[in-house]
Amino acid sequence: MLNYIVRRILYAIPILLGVNLLTFALFFMVNTPDDMARIHLGVKHVTPEAIVGWKAEHGYDKPLFYNGAADGLETVSDTLFTEKSLKLFALDFGAADDGRDIAREIGQRMWPSLAIALPTFLVGLLAYISFALLLVFFRGTPLDTAGVILCVALMSISGLFYVIGGQFLMGKLWHWFPISGYQPGLDAWKFLLMPVLVSLVAGIGDSARFYRALFIEEIGKDYVRTARAKGLSELRVLFRHILGNAMIPILTGVVVVIPRLFMGSLIIESFFGIPGLGSYTIDAIQAQDFAIVRSMVFLGSLLYIVGLVLTDISYTVVDPRVRLE
Amino acid sequence: MIKPVLLWSDALILLLLALVATGLWLARRNETLRMPLRQVMASPMGASTGLLLAIYAVIGLLDSVHYVERLPEVPGKSAQYSGEVRSALDALLTPLRENVEKTYSAPFATHLYAKETITGPDDRETRDFPRLNRGGQHLADPETDFWPDVLKRGGLGVLAGMAVWLVVMRLETVGEKKRREKRPPWQRGKSNRAFLLTLLILCLVSGLLVALAPHYHILGSDKVGQDVLYLALKSVRTGLLIGSLTTLIMLPFALSMGIAAGYFGGRVDDVIQYLYTTLNSIPGVLLIAASVLVVQVQIEAHAALFDTAAARSDVRLLALCAILGLTGWTGLARLLRAETLKLRELEFVQAARAFGVGHGRILLRHLLPNVMHLVLITVVIDFSGLVLAEAVLSYVGVGVDPAMISFGNMINGARLELAREPVVWWQLAAAFVFMFVLVLAANLFADQVRDALDPKSKGRA
């Protein structure tokens, strides 16, 4: 087991290196530091001196991969690739364009993100699976058909509609919650409840339909017929046998996203004014702050790979047949 | 005088149409592909959503025939053309396009949304809601004339729509007589009834629109006074393009990578798996955002290459499709790899190999046709997701060009207006409803296609 995990982690290194190279190519080779300087200086102030000055100030005044001016190890280490890309492996994200330390920002902003993403994830998982089980229990009846049609209709609505509509109804018309904003500490709940509710409703169509399809696939299998033949009640068949066996496909989809919960949701956070990582990212995209975007890409990939490893480990927990060698 | 203009996206649409046409022509003789197609169109849901999608497609295609108008001749100069690129849809909707007000006006309004200082006939200045330039301008007294006028025009429109529907049904009956069909059209099975019902609704709605839209802003007008119905119709093309061109760009990658990985295995498989794990591990929105930012910078740096604003936003739209395609091939590739792994061990592939058939021929003649159903299913399922994604990406600021008319930009421009008093809801509502109908139709259609093509999904929803 330990052996397996170590090997998986080692396997993650080339993937992260690939991510690193890809983002490096996007941000430094297609789009040179000169382009970057030009955007940030604005049209009026672009002079060759200003560009050189901006690059020196933000540490972009080095060669890409090979520094001929330095000697020894420094020919490789004193380059943009090492400085800006390889350092990410040590979780050294550097400074944003406004000079603030990205790592510290991430440390502060992940908590509000988590405060929305974690309840949404947990309640959502429970609610969607229960709803899907309910539909499966009434399969073949008009109730099931109506439920499926409702799911398709719900998943055809743009996510933006849920956010805008929710804000309008719950915030403006009914005055249940403040429309947007955030407050640290215990008072945060009244700012968090609406985003969580909205994300729950927005996700129900897709997920409930997906889980229903999983359960329906299980229900046709022989072990279910055996269980029924033994005289077990339908509820027991559903919860003990079908849910248990459907756990593997459910876990595949679910465990991968757990580490990424830290990253928050771009849309939800920016609409509701939550100072989390999602709104941090969206602000960076809109301000064209490439240093932050690069850090978030790396962080996201890292968390995804952690999620993959966790998925493999979770299989051994729910399915005794799986052994990680 | 007009001169046709072929934008890059128009050219790709033509290519797409040609591909679909050849595909259908090839499928004509292939019973295994023709039967599912017939099955889709024979189901009530497939028939009515198919019709709805076809209407959207026609709107999108009309909007893809571009031209520029010739400016009035100046003596001693060669012919000059306007810098504004128009489409056939623009020409059809000329009354809507030219119905421009000063700012917001509610649906069917006769007066502007905001108060203005009006100088009356007796030179007295009052602050009141001024009459609109176009909406309801033919009414002498909006207070009393509004309802009779709307009812009269609307009634005529509904009657005209009904008449068109009856003519279509009559034509169908005539066509069917040759095939010795005696029953009237609405008694020929459920799918025919669903089709005719959808057609009836479409005829009635378009009758209403044609009768009323030139005289009123049916869906109101936006911040700069443009007719919202016009904007919504123009957005259709952008949505369809994102949904279809992305697939067109994604397919070659997904097909070649997926099948090659499954068929050759070994090193090739390792490299391709590494590629898609790497791409997959980057958060989707971020990768798209990063690429779009890069493209944006490049477009700004080479602004001189584009002679019209339309050409520039067109290139940006294409770049967006290309980015979505390049980042989106992994899902299908993985499916294809798994399917090919299974197929290559089957007897017919083994036999082909034993006969000494080359790799290329095995891939093209034996494997490709046998994974086509997966490709078709993925294409129709992805379509609706891409239409929805456009709106979100435009909100994030990495979508289509802000000057381009799209659902995302419509929503983006209006989302803060719900805070106004009275609420400006019509632009948002129009964008959401048009998008909802398109995506719902696409989703339901995709379900039918999947049921018809996927042997595993038969018999369940």
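Letters A, B, ... mirror the listed sequences (proteins, then strands); counts begin at 1.
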How far does SG of A/C151 sit from CG of B/N443, to the nearest 0.5 angstrom?
->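 If I round to the nearest 0.5 Å, the distance is 11.5 Å.
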Interchain contact, [X] with chain B, by part (heavy-atom threshold 4.5 Å):
| X | answer |
| --- | --- |
| A/T281 | side chain |
| A/F161 | both |
| A/R260 | side chain |
| A/L160 | both |
| A/M155 | both |
| A/L266 | side chain |
| A/T145 | neither |

Given a strict heavy-atom distance threshold of 4.5 Å, which part of [X] is in contact with chain A: side chain, backbone, both, or neither?
| X | result |
| --- | --- |
| B/V285 | side chain |
| B/V398 | side chain |
| B/T278 | both |
| B/V423 | side chain |
| B/L275 | neither |
| B/I282 | both |
| B/F432 | side chain |

When heavy-atom pairs shorter than 4.5 Å are enumerated against chain A, which of B/F407, B/Y274, B/Y395 gives the highest number?
->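 Most heavy-atom pairs within the cutoff with chain A belong to B/Y395.
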Among the listed options B/N280, B/V292, B/V387, B/L279, the residue most often paired with chain A at heavy-atom distances under 4.5 Å =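 Heavy-atom pair counts peak at B/N280.
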Can you name the closest pair of heavy atoms from [X] and [Y] and give their distance?
| X | Y | value |
| --- | --- | --- |
| A/F290 | B/L293 | CE2-CD1, 3.4 Å |
| B/G397 | A/Q286 | N-NE2, 4.3 Å |
| A/S158 | B/A391 | OG-CB, 4.3 Å |
| A/V19 | B/S281 | CG2-OG, 3.5 Å |

Is any side-chain heavy atom of A/Q167 less than 4.5 Å from a side-chain heavy atom of B/L418?
->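 With C-beta onward as the side chain, the pair stays apart.
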Whether over 12 other heavy atoms sit under 6.0 Å from [X] [atom1]:
| X | atom1 | answer |
| --- | --- | --- |
| B/K223 | NZ | no |
| B/R312 | CZ | no |
| A/F262 | CZ | no |
| B/F436 | CZ | yes |
| B/M45 | CE | no |

Closest-packed option against chain B by number of heavy-atom pairs under 4.5 Å, given [options]:
| options | answer |
| --- | --- |
| A/I149, A/V293, A/V297, A/L303 | A/V297 |
| A/G220, A/G165, A/A153 | A/A153 |
| A/G307, A/G159, A/S270 | A/S270 |
| A/I305, A/L302, A/I285 | A/I285 |
| A/V256, A/I267, A/T23 | A/I267 |

Is it the case that B/R415 places NZ or CZ above or below the six-membered ring of A/F271, under 6.0 angstrom from the centre and within 45 degrees of the axis?
->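 Verdict for A/F271: a cation-pi partner in B/R415.
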Positive for side-chain contact (heavy atoms from CB on, under 4.5 Å) with A/S156, one of B/L388, B/V437, B/L438, B/V439 =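 Result: among B/L388, B/V437, B/L438, B/V439, B/V439 is the only option passing the side-chain contact (heavy atoms from CB on, under 4.5 Å) with A/S156.
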